[in-house]
Amino acid sequence: MPADAPSLLAALAAEIGDVRAGVDRVSGLLTDLVRRLPAEHRAEALTDAQALDVLIQRLDAVAGVLDGLASGQTSADAVSGVLLADVAGRLNGRDAARASSAPADDAGDLHLFD
């Protein structure tokens, strides 16, 4: 690994952390807006809004892997800490074709807000 790779990985993790914070703020705003919708539209909108929460968890997972790599962990050790099974699978080279934002049935410890 080049000498500057750990600092680049750490910088990438920090950048993803900043993006995650922005998405989290948008998610909070969207949740507030969904709560103001008429009841007949709220359930569908809330399901759509939860997609942002999935993105936040994916950003957390990728940032964690980058932080692990930056601190000298092996790829396997860095990915082993990923709780979302579909993300961990893609990072381990499995299911690479399914790199969408929709959660899989076996999505691991995906946490949706209510």
Side-chain angles (χ1 to χ4, degrees):
M1 180 179 333
D4 62 345
S7 61
L8 174 59
L9 293 171
L12 287 168
E15 189 69 23
I16 288 172
D18 287 345
V19 170
R20 182 240 190 262
V23 173
D24 196 34
R25 284 190 299 275
V26 170
S27 178
L29 174 64
L30 186 56
T31 299
D32 289 342
L33 292 172
V34 167
R35 287 186 181 133
R36 295 178 186 169
L37 287 174
E40 64 270 11
H41 300 291
R42 198 173 302 137
E44 182 180 346
L46 185 58
T47 300
D48 292 340
Q50 287 176 331
L52 281 174
D53 194 51
V54 173
L55 291 175
I56 290 168
Q57 291 176 61
R58 290 178 66 193
L59 288 168
D60 285 342
V62 172
V65 170
L66 289 171
D67 275 334
L69 293 172
S71 68
Q73 288 182 342
T74 65
S75 297
D77 287 343
V79 173
S80 72
V82 174
L83 299 177
L84 298 173
D86 59 333
V87 174
R90 287 192 300 271
L91 293 176
N92 278 316
R94 297 185 305 273
D95 261 349
R98 292 188 25 175
S100 72
S101 62
D105 290 338
D106 63 347
D109 292 331
L110 181 66
H111 300 282
L112 299 178
F113 60 88
D114 52 357

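Quick note: numbers below take in every heavy atom, side chains included, and nothing from hydrogens, waters or symmetry partners. On a predicted model such as this, the values are computed, not experimentally measured, just so you know.
Residue Ser75 is tested with Leu91, Leu69, Asn92 for a side-chain contact (heavy atoms from CB on, under 4.5 Å); the sole match is Leu69.
Residues Val26 and Ile56 share a hydrophobic cluster, clusters being chains of Ile/Leu/Val/Met/Phe/Trp/Tyr side chains in contact below 4.5 Å. Residues Leu29 and Leu55 do not share a hydrophobic cluster, defined by chaining ILVMFWY side chains whose heavy atoms lie under 4.5 Å apart. Transitive grouping of hydrophobic side chains (ILVMFWY, heavy atoms separated by less than 4.5 Å) brings Leu8 and Val19 into a common cluster.
Between Asp86 and Arg90 there is a salt bridge, since a side-chain N of the basic residue sits under 4.0 Å from a carboxylate O of the acidic one.
Looking at every heavy atom in both residues, Ser71 comes nearest to Gly68 through OG-O, 3.0 Å. Of all non-hydrogen atoms in Val87 and Ala61, the two that sit nearest each other are CG1-CB, 4.1 Å. The shortest heavy-atom contact between Ala70 and Ala10 is CB-N, 3.7 Å. Closest of all the heavy-atom pairs between Ala45 and Leu37 is CB-CD1, 3.4 Å.
Thr31 places a side-chain N or O within 3.5 Å of a backbone atom of Ser27 that can act as its donor or acceptor partner.
How far CZ of Arg35 is from CG of Leu30: 10.5 Å, rounded to the nearest 0.5 Å.
A search for side-chain contact (heavy atoms from CB on, under 4.5 Å) contacts involving Leu66 returns Leu9, Leu12, Ala13, Ile16, Val62, not counting sequence neighbours.
For residues 4-23, every residue pair satisfying the salt bridge (Lys or Arg N to Asp or Glu O under 4.0 Å) rule, not counting sequence neighbours, is listed here: Arg20-Asp24, Arg20-Asp60.
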